[in-house]
Amino acid sequence: MTDEKLPTRNENFSEWYNQVVLRAEMADYAPVRGCMIVRPYGWALWENIQQALDLRFKATGHVNAAFPLLIPMSFMEKEKEHIEGLSPELAVVTIGGGEKLEEPLVVRPTSETIIGHMYAKWIKSYRDLPVLINQWGNVVRWEMRTRLFLRTLEFYWQEGHTAHATADEAQAETLQMLETYADFAINEAAVPVIRGRKSEAEKFAGALRTYSIEAMMGDTRALQAGTSHNLGQNFAQAFDIRYLDTNNELQHCWTTSWGLSTRFIGAIIMTHGDDQGLVLPPRLAPIQVVIVPIFRNDDEKSQVMPVVERLRGELSGFRVRVDDRTEVTPGFKFNDWEMRGVPLRIEVGPKDVAKGTLAVARRDIAGKAGRTFVPQAGIAAQVADLLEDIHKSLYDRAIKFRDEHIVEPKDYPELKEIVQNGWAFAWWCGDAACEAKIKEETKATTRCIPLDQSAGSGRCIYCGKPASEKVYFARAY
RNA sequence: CGGGGUGUAGCGCAGCUGGCAGCGCACCGCGUUUGGGACGCGGGGGUCGGCGGUUCAAGUCCGCCCACCCCGACCA
């Protein structure tokens, strides 16, 4: 911990973000430009994210595997749009063991190609399908401007890669995984998201269709929190992934891929954080309850500590930390754990010992307003209820904030206004030219065409031509 | 790659017109403290980004180089 004051989100959101990440010890800058070090506290959060997702993947029939970090350059070049989209951000290994390599090896920016190559080898018959594999790993994309978690040269993620017999099945898988991400975001991270389809300009390089969950951050900018791609037969054709159908005819497979990265940590921070620091959603928080003992002398200590230990035992069903540091004052600890976003703090002092009470402070309600005294008896049930309630209130607050900042503009000048501090939801004719013009003039991009939109039609917010779909425009991370 | 800026202790900085390298925070020790960011005393810590030049003397002046940061074009 360094200085005492954190910049407020209003005065400087991005500096607030940087400071929170560093001071909460989520991550630090690496000696290599653009790279980050995920510190134990940040990684613990990632592990909880992994666990929540992995459970969902397994429940839908997926299995985990590991593919190589290095990919032959020729693999990357097999799918035209893929290499065109990714080539500017590739890291390439040209020397190995002191020798110039025959063929350069790409440090994976994503694994469609090498996995496609293997699928071609493994898949022979319709009986082999579907193949439902996920990989947890790291990837490298050579970024120019970087931010901790949000955009780094190397990041950690999971990438699912599936192969199916039919287009319908692949589409169903694509949407199922999008829904999985949305369920995770809402029910584990308390982050409200909008499910939608990406425009042609915004879709993944090589995909037929890309879907994403989009979240609004505390500064109203949009963040793509997870993506799911229907790759059609693009990669199946490029890598010759074929199977014999029941009529003994060779068919190309239909493949999908879907990913969610450590960027999601940034989404959590920017969705829930406040001017005191991090606010972590209870179901993912590495520490759900911190207990701060308070005493002035050894006599008080000997009264307080047994109660603290008893509490620790009663709360063994939760992730609990007892802060027994003697070198800092309780006041310092309060601020410290608030910076780190721990959902609940329990204070145990001599008065509590005498009265059989505890001071319980909920992180989602800042300062003393969120602090109440409760009886020690039945604390486990109270904690369970409070954590539930905090999850709910975080979600409600975030969705309220988001909806207050989504406006349907009546004309283009109004759209320009809106995207300065919010999202604009407007008719769009689907023409990439209009999209590009809007981006150029406002810095707002199309975020997604939401899946659930009422039928009807209107006129394109930019060109006025007939439009059949509404799209979100926003400045994005 | 284009425009702007900065390099002095772990971090943030001061160091004028060249003359023993400093301050705050952090860190270590001792004591007093402890229900919302404690205090006192003592202490450790430096190739002043690098190389070269001017000078009796360079953190300071000059030249070249390097690195990083911010703003633009690209992105999960």
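In what follows, every chain begins at residue 1, and chains take the letters A, B, ... in the order their sequences are listed. The shown structure was predicted, so the numbers you read here are calculated from the model rather than taken from an experiment.
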Subject >> Value in whole Å for how far the C1' atom of C74(B) lies from CG of L90(A) >> reply: 13 Å
**OP:** Just call it for N297(A): base, sugar-phosphate, or nothing, with non-hydrogen atoms closer than 4.0 Å on any strand.
**Re:** nothing
**OP:** Spell out yes or no: do the side chain of R296(A) and the base of G35(B) have one donor N/O and one acceptor N/O closer than 3.5 Å?
**Re:** no
Original post:
If you measure from the P atom in G10(B) to the same atom in C28(B), how many Å do you get, rounded?
Top reply: 16 Å
Subject >> Given RNA chain B, 5'-ward residue of the pair W142(A) and R147(A), judged by closest heavy atom >> reply: R147(A)
**OP:** Identify whether any heavy atom of F264(A) sits under 4.0 Å from a base atom; if not, whether one sits that close to sugar-phosphate; answer base, sugar-phosphate or nothing.
**Re:** nothing
Original post:
If you measure from CD on E300(A) to NZ on K351(A), what distance do you get to the nearest 0.5 Å?
Top reply: 9.5 Å
Original post:
When all nucleic acid strands are considered with a 4.0 Å heavy-atom cut-off, which category describes A225(A): base, sugar-phosphate, or nothing?
Top reply: nothing
Original post:
With both distances under 3.5 angstrom, what nucleotide forms a Watson-Crick or G-U wobble pair with C1(B)?
Top reply: G72(B)
Original post:
How far does the C1' atom of G53(B) sit from the matching atom of A58(B), given to the nearest Å?
Top reply: 11 Å
**OP:** Inspect the contact between R397(A) and D274(A) and indicate whether a charged nitrogen and a carboxylate oxygen are less than 4.0 angstrom apart.
**Re:** no
Subject >> Closest-nucleotide ordering on RNA chain B, the 5'-leading residue of P330(A) and A476(A) >> reply: P330(A)
Original post:
NA contact type, L223(A), heavy-atom cut-off 4.0 Å: base, sugar-phosphate, or nothing?
Top reply: nothing
**OP:** Find the distance D324(A):CG to U34(B):C1' and express it as a whole number of Å.
**Re:** 14 Å
Subject >> K301(A), NZ atom: more than 12 neighbouring heavy atoms under 6.0 Å >> reply: no
Subject >> Name of the residue among H229(A), K198(A), K203(A) meeting side-chain hydrogen bond (donor to acceptor under 3.5 Å, both in side chains) with T210(A) >> reply: H229(A)
Subject >> Between C1' of U33(B) and CG of D298(A), the distance in whole Å >> reply: 13 Å
Original post:
Side chain of R151(A), base of C75(B): donor and acceptor closer than 3.5 Å?
Top reply: yes
**OP:** Could you check whether E143(A) gets within reach of a base, just the sugar-phosphate, or nothing at all, counting any heavy atom under 4.0 Å?
**Re:** base
**OP:** Would you mind classifying the nucleic acid contact of Q224(A) as base, sugar-phosphate or nothing, using non-hydrogen atoms under 4.0 angstrom?
**Re:** sugar-phosphate
**OP:** Using a 4.0 Å heavy-atom cut-off across all strands, classify T210(A) as base, sugar-phosphate, or nothing.
**Re:** nothing
**OP:** Mind running side chain to side chain contact (heavy atoms under 4.5 Å, CB included) on V290(A) and K333(A) for me, showing each step along the way?
**Re:** CA-CA 10 Å; V290(A) 63; K333(A) 292 175 185 178; over 6 Å; no
Subject >> Rounded distance (Å) that lies between atom C1' of U33(B) and atom CD of E327(A) >> reply: 14 Å
**OP:** Using atom CZ of R325(A) as one end and atom P of A38(B) as the other, report the distance to the nearest whole Å.
**Re:** 11 Å
Original post:
Can you tell me how far C1' of C75(B) sits from CH2 of W157(A), to the nearest Å?
Top reply: 12 Å
Original post:
Has the side chain of D336(A) got a donor or acceptor atom sitting under 3.5 Å from an opposite partner on the base of G37(B)?
Top reply: no
Original post:
When we call it a touch if two heavy atoms are under 4.0 Å apart, what does K351(A) touch: a base, just sugar-phosphate, or nothing?
Top reply: base
